[in-house]
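Naming: A, B, ... by sequence-line order, numbering from 1 per chain.
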Amino acid sequence: MSEYIQNLNPTQRDAAVNYQGASLIIAGAGSGKTRVLTCRIAYMLSQGVQAHTVLALTFTNKAAKEMRERIATLVPGGMSRSLWMGTFHSVFARILRAESDKLGYPSSFTIYDSADAKNLVKLAIKELNLSDETYKPNVVAARISKAKNNLVTPQAYEANSSLQAEDREQRIPQFLDIYKLYARKCRENGAMDFDDLLLNTNILMRDFPEVLTKYQNQFRYILVDEYQDTNFAQYVIIRRLGELHGNVCVVGDDAQSIYSFRGAKIENILRFQQDFPGAKLFKLEQNYRSTQTIVNAANCVIEKNQRQIRKKSFSAADEGDPIRVIKAYTDKEESALLASDIYTTVRTRGVQYSDVAVLYRTNAQSRALEEALRSRNIPYKIYGGMSFYQRKEIKDMLAYVRLVVNPRDDEALRRIINTPARGIGDVTIGRIAGAAAANGLSMWEAVSRLDPATIGLAGAAGNKVAQFAKMIGELSEMRSTTEAYTLGLEIATRSGLIGTYKMQQTPESISALENIEELLNSIRVYTEEQERMAADTATEGESAPQALVQIDEWLQNVALLTDMDNENPEERNKVTLMTVHSAKGLEFEYVYVAGLEENLFPSMMSMGTPEGLEEERRLFYVALTRAKRAAVLSFAESRFKWGEMTFGRPSRFLSEIDPQYLDLQFELGDSRDSDEEANSAPRYGRPGGPSRYGRPGTGSSQDYGQGGYRKRAGAPDTGALRRTDTPSPGARFRSLSARGATQGSPATGSPASRFSAPGTGRPAARPSGPPAGYPPRPIGGATSASPHVTGATNGSDPPGASSSQGSGEMAVGTRVEHAKFGVGEIVAIEEWTSDVKLTVDFGAAGRKVLLKKFAKLQIL
DNA sequence: CTTTCGTATTTTTTT
DNA sequence: AATACGAAAG
Ligand SMILES: Nc1ncnc2c1ncn2[C@@H]1O[C@H](COP(=O)(O)OP(=O)(O)OP(=O)(O)O)[C@@H](O)[C@H]1O
């Protein structure tokens, strides 16, 4: 028997080796669930199971990539390469592209992210002449998302009177109209949003039995990690694909279900044994990750939840250090204390920075931490928040590519027709949209095919539009003959994006330029990888025709990537900063959890309901159990929020840990608000409330979907928050900002398993297109090689607002402090049109060129 | 049509 | 604090 199987404990081994039939592996954190899944796949391959018949779904692309790499080391040859492995979204996006003609989509359909979706909702609301006060785009988008996650199409929605009654009750009676229009627009644009990927997969499998059969036969073995966080749409996909052979293995931990805000249902894992009768149940009880202290402390916390499957969980590792709790007066002090502590830990414990993570509840908390780390020259990397792909310049650039690839993508056109400013305003855009609608064309088709005069685009505006159309047209024609990177560079230049950013010479524009270069670089890396893989497979067979890697292919891969999926070589040995949500499934030697305050963690938004609070508790459980050797918890008594100082008290979760596991140098105050006693002893299980998880023993739950929700007052909506950042070469992903969907509305009720057929929109444009390159490769690490950037040079002087505040005292050698980069020394000064360009050496943060006007430097 | 300035609003969490 | 949006000036 292979070594990797030998290394498993008996239960784990059982779970790995018995790969026929259905299996449910349910176990606490760190018990080796993911490892079992990995070994199981490797074992299957070693027993002769064909890799391409295995479908393994993970929670993130990164997890998939790591699992694939691990398997590659366990089995011979390139077998692991043919595994179908990825997130639900990326795997089914690939399948949808292959089958797109059946649903009337082009195979190169665009994938809209949440921001694109929100814009489209906004547009739909506007076109229906509804007020965006009543119909808040965020709320509407969240409700649409919820409907889709429950497989409720607009048609099904229309047939469902209780949903519509809910809308009326919430004073959004015309919600359905928006939903319909939104869906129509997506279809006309040849685009799917995240939720459509799952919804349309379901429609495909429901309406095309032969397609369903094909995939049922192809995927003889299905494995799902983190099953407790699947939503209804994902659940139905698994049930359908697995019902023929029942070789379905799911892995999860109900105590780690933390994504209910996007429709995840713990019930999915609880009813697995009913869905797949005879499923073998494996319970893993030993935690191999953490010290006894951490495991025991985490158990204390999770015990407080009423609704759960009770599980044993013990650690045979050392007792380990007690969990330290750090108190600070302000968020700034908290960050400073953590930064010093990290520094000391790394120094004295002989560990790497990369063994350390700081976790927090909200992205907004990262800022203070960043500043503290930076000023101490502690290297860090930050995930989530405003990721690379959400930055304006990147989204603009991607919109150009999207339009070139998919001429029906009106959303992309609207985004960039006047970016950079070319004198095409709202009025003109409105006329184009009108003409497009009147002729049943997309907006780009309208501007490129219709006579400008007939649609009222005479004069200056008409010329500008014609010029724009010509540019896109030419780029579009180059597509089939031009290699992806070259075309990307061409797009970046001819669109004028590079030129305008070059012209501006502000820190922001420099940063934007770097990001665009980085994006172009990722095209190159992707291209090279594809070519290498093509060459690999070609050596076995005959000479492969040197296929041109088109930009289409890259675009399709990029749409579902997040910053976590990029392994940048420069990002090694850095402290990790991320939200607790993003940390699920990861592990670190030392974990710091910051901001353990009432109303922050647990979040204010979630405390209204027992369910919400229990989810926060699970989230805290996840946070604690990321730590292998030690955890440190911190809170601040005051914190800036919306530019205002707010005061908080220590989180109730701190007092839920048995003090024997804590190293507490002070009295832990009461978490309760004086007038809030009732909240500290929430009553569970409302009268008639059907939703209660199976008690220990029964392991089942009757209900899912329906009921159990209470309306909450003041459902919040959210908006986007963005922070511009200054350039810092090498550090690809900058901070941040939070952005988010929200719930707000009560549940959409029954996840009707019958849902209606998609309406047919415009016929598919171009049913060509290769299946997306697979396995999906994340874009590679950026080297410092800067793509040569052509474009307008800054001959002309930018209209300079006058500058120079507090002139004088700066000279070469002056020590200054920057809000982000910390302390540095000026090494060069240069006149720059109306301002002064400073080169400052910030030590670890690097050497930066800053404009005095913007840099807000403090002279020390 | 663009830029600029003032005001209102925002923060959970993410594929 | 930072952003997005709308109004008014250029
Ligand atoms: N039998 C074993 N022997 C030694 N180490 C093990 C064993 N099983 C698991 N581990 C280690 O325990 C750690 C946790 O494993 P893994 O990530 O698979 O757990 P998990 O159950 O998926 O955790 P989580 O639910 O928190 O994501 C890993 O570092 C893994 O290498």
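Of the candidate nucleotides B/dT14, C/dA2, B/dT15, C/dA2 has the atom lying nearest to any side-chain atom of A/Arg367. You'll find that the side chain of A/Tyr259 is closest to B/dT14, out of B/dT14, B/dT13, C/dA2. Considering only the side chain of A/Ala421, B/dT2 comes nearest among B/dC1, B/dT2, B/dT14. Ranking B/dC1, B/dT15, C/dC5 by closeness to the A/Lys122 side chain, first place goes to C/dC5. Distance from the side chain of A/Thr579 is smallest to B/dT13 among B/dT13, B/dT15, C/dA1. Picking from C/dA1, B/dT14, B/dT15 the nucleotide with the shortest atom distance to the side chain of A/His89 gives B/dT15. Checked against B/dT13, B/dT2, C/dA1, the side chain of A/Asn363 finds its nearest nucleotide in B/dT13. Taking the side chain of A/Phe261 as heavy atoms from C-beta on, and the options B/dC1, B/dT15, B/dT14, the nearest nucleotide is B/dT14.
Contact annotation: A/Ser582 side-chain N/O to B/dT14 OP1/OP2 distance is under 4.0 Å. Taking 4.0 angstrom as the limit, A/Asn231 places none of its side-chain polar atoms (N or O) nearer than this to OP1 or OP2 of B/dT15.
The cationic group of A/Lys265 does not satisfy the cation-pi geometry with A/Tyr235, failing either the under 6.0 Å distance to the six-membered ring centre or the 45° limit from the ring axis.
Rounded to an integer number of Å, the gap from A/Glu644 CD to C/dA1 C1' is 11 Å. A/Tyr360 has its OH atom 14 Å from the C1' atom of B/dT14, to the nearest Å. Remark: C1' of B/dT15 and CD of A/Gln234 are 8 Å apart, rounded to the nearest angstrom. Rounded to whole Å, atom P of B/dT15 lies 11 Å from atom CE of A/Met578. Nucleotide B/dT13 holds its P atom 10 Å from the CG atom of A/Leu600, rounded to whole Å. Taking atom CG on A/Asn557 and atom P on B/dT15, their separation rounds to 16 Å, with Å as the unit. Look at CD on A/Glu615: it is 13 Å from P on B/dT14, rounded to the nearest Å. Across the protein-nucleic acid pair, A/Lys136 atom NZ and C/dA4 atom C1' stand 15 Å apart, rounded to whole Å.
Taking the side chain as every heavy atom from C-beta outward, A/Lys641 and A/Leu600 never approach each other to under 4.5 Å. Looking at A/Asn363 and A/Thr579, their side chains come closer than 4.5 Å, going by heavy atoms from C-beta outward.
When heavy atoms are screened at a 4.0 angstrom cut-off, A/Asp113 is found touching no nucleic acid atom at all. As judged by a 4.0 angstrom heavy-atom cut-off over every strand, A/Ser603 is placed among the base-contacting residues. Residue contacts for A/Val580: at a heavy-atom cut-off of 4.0 Å it reaches no nucleic acid atom on any strand shown. Nucleic acid contact for A/Ile424: sugar-phosphate only, since backbone atoms but no base atoms lie under 4.0 Å from a heavy atom of the residue.
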Quiz prompt | Verdict with supporting geometry, A/Asp229 and A/Arg618, salt bridge (charged side-chain N to carboxylate O under 4.0 Å, His left out) | solution = CA-CA 12 Å; A/Asp229 271 325; A/Arg618 293 194 293 268; over 6 Å; no
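With hydrogens and angles ignored, the 3.5 Å screen pairs a side-chain donor or acceptor of A/Asn418 with a backbone N or O of A/Arg422. A distance-only check finds a donor-acceptor pair linking the side chain of A/Thr201 to the backbone of A/Leu197 [under 3.5 Å].
Residue ring and nucleobase are not stacked for A/Phe59 and B/dT15 under a centre distance beneath 5.5 angstrom and an angle between planes beneath 30°.
Between A/Phe194 and A/Glu133, the residue whose closest nucleotide on DNA chain B is further toward the 5' end is A/Glu133.
To the nearest whole angstrom, the two P atoms, one in B/dT13 and one in C/dA4, are 16 Å apart.
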